[in-house]
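Everything below concerns the one structure shown next.
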Amino acid sequence: MFLDALRNQNQLRPPVWLMRQAGRYLPEYRKLREKYSLRDLFFTPELAAEVTLMPIVRFGFDAAILFSDITVTAESLGLSLDFSEGPKLADWVTPSNLHQLILMPEKLAPMIETLHLLKKDLQVPLIGFCGAPFTVATYFVGGLEKAISWMRTSPESFLLFLEKIADATILYIQMQEKAEVNAIQIFDSWANHLTPEEFLIYSLPFVQRFVNAVSCPSIFFMRNVSPYIDKIPCAVSIDESFCLKKARKMTQHPLQGNLSADLLFEPLDVVKSKTLSVLEDMKEDPGFIFNLGHGIKPNTPLDAVYTLVDTIRCI
Ligand code: CP3
């Protein structure tokens, strides 16, 4: 169903997976995290594969997404990553040390090994992913404000920086495709902070390059994508700030979304009725993938997720 929906050819119920489906709302994940650091989980193939499978085993989602992070490409640019309080680099990238970034794609081997392990016995499609250069840059320079300030004061060197991230990322998604992922999700989570003119320079051309770099389907995510829906050259993930029905009038590409992650904290009858209302908006649409508007939150009740999945399965 997931792959058919990505071809606009799904005749059955909509497939469902959730952004950040492998994570802290799962007790089995929290238990593993007591023993291992986040870095250990991302870079140890057996552990990353185990975490990837947790939400599939528990809820039976229709697609698995590699358990990793958009910032892992730092390592393939010679930067060292620390995840103790969210992704941080030992040294932030600045215009003056930019020339020191060197491509080392072999550093991404652990994530590719995870994909190989998963492909052996996974019963559902496997989604690979990457960050788009602007969003990844915000984590490599020490925050959104610093990235925007660099972009506006020294646009040429900032673009060179994004090019370096893009080179590493294209190699990474091509490695993922070789390991037989079925789709790539591209996260430009912070691109909503760009002006429309900046979006056309610092986001869209890279998205186009990434989409062209692989032959499997791609899905694009950013917050508040609505002004750009008609320009996105692949499937679009829509957050709760926009209506799927309106989005459908603006693009022929598959659409994914868009139940608010906050609604999962509501009583179960509300979860059910809001899920039904998203399903109703996209009824019989052959290119629709059910998802949240953005990532599932850490303390989400498991019952809400069971209710969501059951509601979709029972239509
Ligand atoms: O969806 C999945 O289940 C796959 C795993 C996944 C992670 N990160 C694991 C993770 C995915 C798809 C991501 C993408 C990611 N990472 C994005 C884009 C999506 C989005 O939400 O906009 C971004 C911006 C990041 C950067 C990032 N990683 C931040 C800001 C943080 C710290 C904040 C937080 O949520 O904890 C992370 C850490 C991270 N990445 C965790 C997980 C499961 C936290 C886990 C933990 O602390 O145990």
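Below, all heavy atoms of this structure are taken into account, side chains as well, without hydrogens, waters or symmetry copies. In listed order, ligands and their atoms are each counted from 1.
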>> Side-chain heavy atoms nearer than 4.5 Å, only ILVMFWY residues, links allowed to pass through others: does that put Phe61 and Leu3 together?
In response: yes

>> I need the contact type for Leu38 against ligand 1. Using non-hydrogen atoms and a strict under-4.0 Å cut-off, is it side chain, backbone, both or neither?
In response: side chain

> Does one side chain, of Glu177 or Ser215, offer a donor that lies under 3.5 Å from an acceptor on the other?
Replying inline: yes

>> Using a 4.0 Å cutoff against the non-hydrogen atoms of Ser189, which atoms of ligand 1 qualify?
In response: 18 (C), 19 (C), 20 (C), 22 (O)

> Polar-atom distance check: Trp17 versus ligand 1, any N or O pair below 3.5 Å?
Replying inline: no

> Given the protein's heavy atoms, is any one of them under 4.0 Å from atom 33 (C) of ligand 1?
Replying inline: no

> At the 4.0 Å heavy-atom cut-off, does Thr71 count as touching ligand 1?
Replying inline: no

>> Any heavy atom of Gly295 closer to ligand 1 than 4.0 angstrom?
In response: no

>> Can a donor-acceptor pair be found, under 3.5 Å and without considering hydrogens, that links the side chain of Arg39 to the backbone of Phe83?
In response: no

> Using the benzene-type ring in the case of Trp, are the ring centres of His193 and Phe134 under 6.0 Å apart?
Replying inline: no

> Centres of the Phe67 and Tyr29 rings: under 6.0 Å?
Replying inline: yes

> Between Tyr29 and ligand 1, is there a nitrogen or oxygen pair with a distance under 3.5 Å?
Replying inline: yes

> Nearest protein heavy atom to atom 31 (C) of ligand 1, by residue and atom, and its distance?
Replying inline: Pro87 CD, 3.4 Å

>> Could you identify the single nearest non-hydrogen protein atom to atom 36 (O) of ligand 1 and state the distance to 0.1 Å?
In response: Arg24 NH2, 2.9 Å

>> Checking a contact table here: which protein heavy atom is nearest atom 42 (C) of ligand 1, and how many Å away?
In response: Arg20 NH1, 4.0 Å

> Less than 4.0 Å between a side-chain N and a carboxylate O, is that true for Arg13 and Asp62?
Replying inline: yes

>> Could you work out, with side chain to side chain contact (heavy atoms under 4.5 Å, CB included) as the rule, every residue matching Glu28, not counting sequence neighbours?
In response: Leu26, Met54, Arg58

> Which one holds for His294 and ligand 1: side chain close, backbone close, both close, or neither close, with close meaning a heavy atom under 4.0 Å?
Replying inline: side chain

> Given that the side chain starts at C-beta and the backbone is N, CA, C, O, which of these parts of Ser68 lies under 4.0 Å from ligand 1, counting heavy atoms, or is it both or neither?
Replying inline: backbone

> Taking N or O atoms only and a 3.5 Å limit, does Trp190 qualify as a polar contact for ligand 1?
Replying inline: no

> Ion pair present between Asp4 and Arg7, side-chain N to carboxylate O less than 4.0 angstrom?
Replying inline: yes

> Which protein heavy atom lies closest to atom 28 (N) of ligand 1, and at what distance to 0.1 Å?
Replying inline: Asp69 OD1, 2.7 Å

> Taking only heavy atoms of Ile65, which atoms of ligand 1 are found under 4.0 Å from at least one of them?
Replying inline: 1 (O), 2 (C), 3 (O), 4 (C)

> Does ligand 1 have any atom sitting under 4.0 Å from a heavy atom of Leu41?
Replying inline: no

> Does Lys119 reach the main-chain N or O of Glu180 with its side chain, forming a donor-acceptor pair under 3.5 Å?
Replying inline: yes

> Atoms of ligand 1 less than 4.0 Å from Gly86 heavy atoms?
Replying inline: 32 (C)

>> So for ligand 1, is Tyr139 a polar contact partner (N or O within less than 3.5 Å, distance only)?
In response: no

>> Quick one, Leu47 and Glu50 - any side-chain contact, counting heavy atoms below 4.5 Å?
In response: yes

> How close does the nearest protein non-hydrogen atom get to atom 47 (O) of ligand 1, and which residue and atom is it?
Replying inline: Arg33 NH2, 3.3 Å

>> Just to confirm my output: which protein heavy-atom neighbour is closest to atom 4 (C) of ligand 1, and how far is it?
In response: Leu66 O, 3.4 Å

> For Ala22 and ligand 1, does the shortest N/O to N/O distance drop below 3.5 Å?
Replying inline: yes

> So, Gln256 side chain and Phe290 main chain: donor-acceptor pair closer than 3.5 Å or not?
Replying inline: no

> So, the side chain of Asp82 versus the backbone of Pro87: is there a donor-acceptor pair under 3.5 Å, distance only?
Replying inline: no

>> Checking the side chain of Glu163 only, and the main-chain atoms of Leu160 only, is there a donor and an acceptor separated by less than 3.5 Å?
In response: no

> Are the aromatic rings of Phe158 and Trp150 close, with centres under 6.0 Å apart?
Replying inline: yes

> Is Phe83 near ligand 1, meaning one of its heavy atoms is under 4.0 Å from it?
Replying inline: no

> Are Asp262 and Lys297 ion-paired here, with the side-chain N under 4.0 Å from a carboxylate O?
Replying inline: yes

> To which protein heavy atom is atom 23 (C) of ligand 1 closest, and what is the distance rounded to 0.1 Å?
Replying inline: Ile70 CD1, 3.5 Å

> Under 4.0 Å from any heavy atom of Phe67, which atoms of ligand 1 are there?
Replying inline: 43 (C)

>> Checking a contact table here: which protein heavy atom is nearest atom 19 (C) of ligand 1, and how many Å away?
In response: Phe187 CD2, 3.3 Å

